[in-house]
Amino acid sequence: MFTIGDFARHGRVSVRMLRHYDATGLLRPAHVDPATGYRHYTAAQLARLNRIIALKELGFTLRQVRDIVNEKVGAEELRGMLRLRRAELESAVDAARARLVQVEARLRAIESEGQMPTNDVVLKKVPAVRVAELTATAASFGPADIGPVIGPLYDELFRRLEAAGIRPTGPGVAHYEDAPEGGSRITVHAAVQVSVPVRDGDVRVLDLPALERAATVVHHGSMDTVLSTAQALARWSDTHGYRPTGYPREINLECPEDRDAWVTELQVPVIPV
């Protein structure tokens with residue numbers, strides 16, 4: 001038998017944790033000396049300890065762990081629990097990656113302050129364009145809120161266009177406006193250029209109005225990293241005496257499978273100050 005200290009070392013856990021598992025009935029010592037109260041464990045109990053630690057690291061509660069190791073949970077139910085936990089962990093990993101991308105975007109925005117040459121920005125009139133679009137609402141204009149909304153919108157838009165026999169005639173045109181319910185919520189418009197009559201229905205077809213004056217710049221890379229480009233454009237507008245009058249339009253010039261190879265033109269409507 002092992003003393004509690006030796007068993008803790010072999011199991012790579014703390015003595016305090018073993019005492020807690022004893023108190024909760026999760027892992028009782030094989031023997032407790034009636035005179036001294038010293039706990040002793042057997043080598044065979046390492047297997048149970050390993051299962052307890054593995055299940056805890058998967059995020060199960062101590063009650064769930066106890067039911068599983070005591071075989072109160074059937075094999076099929078356990079498989080279902082593990083599948084659910086796997087999905088939760090994958091979602092958490094995806095969320096962490098998305099947060100990391102936004103942190104990196106903020107860092108790039110800080111590092112690129114004042115570095116964009118002014119001739120990268122073009123002030124021009126943008127003609128009206130006919131588009132087919134679907135809309136949805138995002139919690140804010142932040143990339144972390146826009147991305148999960150606009151991606152599925154475009155997938156559904158192209159599915160409906162194909163079903164309707166409508167072929168896009170130009171690039172995608174994402175545009176935005178404040179949502180009617182107010183707050184920070186944003187109405188997201190996922191649109192693509194088409195050459196069909198204006199109509200309502202499963203896919204709305206409309207004419208986006210011309211922008212009499214727009215400050216425009218081309219962004220290279222995923223839209224998750226657009227922050228530094230958008231802020232550089234805002235600094236250019238402020239430096240040259242212009243004020244934005246709305247959200248930017250995003251013209252998807254190139255959208256290969258590799259998102260880092262995307263090319264997108266930002267078009268911000270502006271007026272002289």
Contacts table for residues 171-184: side-chain donor-acceptor under 3.5 angstrom, sequence neighbours left out:
{"residue": "H175", "atom": "NE2", "partner": "E133", "partner atom": "OE1", "Å": "2.8"}
{"residue": "Y176", "atom": "OH", "partner": "E250", "partner atom": "OE1", "Å": "2.7"}
{"residue": "Y176", "atom": "OH", "partner": "E250", "partner atom": "OE2", "Å": "3.4"}
{"residue": "E177", "atom": "OE2", "partner": "H189", "partner atom": "NE2", "Å": "2.8"}
{"residue": "D178", "atom": "OD1", "partner": "Y247", "partner atom": "OH", "Å": "2.5"}
{"residue": "E181", "atom": "OE2", "partner": "R185", "partner atom": "NE", "Å": "3.2"}
{"residue": "S184", "atom": "OG", "partner": "A139", "partner atom": "O", "Å": "3.1"}

Name each donor-acceptor pair under 3.5 Å that joins a side chain in residues 264-273 to protein atoms two or more places apart or in another chain, with its distance.
{"residue": "E265", "atom": "OE1", "partner": "Q267", "partner atom": "NE2", "Å": "2.7"}
{"residue": "E265", "atom": "OE2", "partner": "K124", "partner atom": "NZ", "Å": "3.0"}

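In this structure, the separation between CD1 on I53 and CG on L46 is 11.0 Å, given to the nearest 0.5 Å. Put simply, OG1 on T245 and CD on E212 are 11.0 Å apart, with the number rounded to the nearest 0.5 Å. The OG atom of S195 sits 12.0 Å away from the CZ atom of R167 when rounded to the nearest 0.5 Å. Separation of atoms OG1 (T216) and CG (D120) is listed at 10.5 Å; rounding is to 0.5 Å. T135 OG1 to L157 CG: the interatomic distance, rounded to the nearest 0.5 Å, is 11.0 Å. For the atom pair OH of Y242 and CZ of R213, the computed distance is 5.5 Å after rounding to the nearest 0.5 Å.
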TODO: Before giving the answer on salt bridge (charged side-chain N to carboxylate O under 4.0 Å, His left out), spell out for R243 and D238 the whole-Å C-alpha distance, their side-chain angles and the decisive distance to 0.1 Å.
DONE: CA-CA 7 Å; R243 178 174 63 84; D238 183 62; over 6 Å; no
- [ ] With side-chain contact (heavy atoms from CB on, under 4.5 Å) as the test, would you mind laying out the steps for N252 and Y154 before giving the verdict?
- [x] CA-CA 12 Å; N252 305 318; Y154 267 116; 3.6 Å; yes
Open item on the list: Would L26 and V65 count as a side-chain contact (heavy atoms from CB on, under 4.5 Å) here? Give the steps.
Closed with: CA-CA 8 Å; L26 194 56; V65 171; 4.0 Å; yes
- [ ] Please lay out, stage by stage, how Y21 and L49 fare under the test side-chain contact (heavy atoms from CB on, under 4.5 Å).
- [x] CA-CA 10 Å; Y21 290 166; L49 176 62; 4.1 Å; yes
Open item on the list: Determine whether L27 and Q45 satisfy the following criterion, side-chain contact (heavy atoms from CB on, under 4.5 Å), listing intermediate values before the conclusion.
Closed with: CA-CA 8 Å; L27 179 60; Q45 288 182 286; 3.9 Å; yes
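Residue Q64 comes nearest to T61 through the heavy atom pair OE1-N, 2.9 Å, listed as atom of the first residue, atom of the second, then distance. V198 approaches V205 most closely through the heavy-atom pair CG1-O, 3.1 Å. Contact record, R39 with Y41: CD-OH, 3.8 Å, taken as the closest heavy-atom pair. L153 and V188 get closest at one heavy-atom pair: CD1-O, 3.8 Å. Closest approach of A132 to V194, counting heavy atoms only: N-CG2, 3.7 Å. The minimum heavy-atom distance linking I146 with A138 is given by the pair CD1-CB, 3.9 Å.
Between the T225 side chain and the G221 main chain, no donor and acceptor come within less than 3.5 Å of each other. The closest donor-acceptor contact from the side chain of S91 to the backbone of A87 lies at 3.5 Å or more, if one exists at all.
The same ILVMFWY cluster, assembled from side-chain heavy atoms under 4.5 Å apart, contains both V217 and M223. A single hydrophobic cluster is not seen to contain both M1 and V15; linkage of ILVMFWY side chains at heavy-atom distances under 4.5 Å, directly or through other members, places them apart. Grouping the Ile, Leu, Val, Met, Phe, Trp and Tyr side chains by contacts below 4.5 angstrom, directly or via other members, places I251 with L208. Tracing side-chain contacts under 4.5 Å through hydrophobic residues (I, L, V, M, F, W, Y), one never reaches L211 starting from W236; they form parts of separate clusters. In the hydrophobic clustering of ILVMFWY residues, with side-chain heavy atoms under 4.5 Å counting as a link, I150 and L161 come out together.
Using a 4.5 Å heavy-atom cutoff, the side chains of V192 and V131 are not in contact. Side-chain contact between R16 and R19: absent, with no pair of heavy atoms (C-beta onward) separated by less than 4.5 Å. With a 4.5 Å cut-off on side-chain heavy atoms, H240 and R235 do not count as touching. For the pair R259/D224, a side-chain contact is recorded, criterion being any heavy-atom separation below 4.5 Å from C-beta on. At a threshold of 4.5 Å between non-hydrogen side-chain atoms, the residues H40 and Y38 count as touching.
The side-chain hydrogen bond (donor to acceptor under 3.5 Å, both in side chains) check on T36 picks up nothing, with sequence neighbours excluded. Residues passing the side-chain hydrogen bond (donor to acceptor under 3.5 Å, both in side chains) test with R160 are E156, sequence neighbours excluded. Contacts of S140 classified as side-chain hydrogen bond (donor to acceptor under 3.5 Å, both in side chains), with partners at least two apart in sequence or in another chain: D145. In this view, F2 and H10 satisfy the ring pair (Phe, Tyr, Trp, His ring centres under 6.0 Å) rule, not counting sequence neighbours.
In the model, N70 has a side-chain atom that pairs as donor or acceptor with a side-chain atom of R48 under 3.5 Å.
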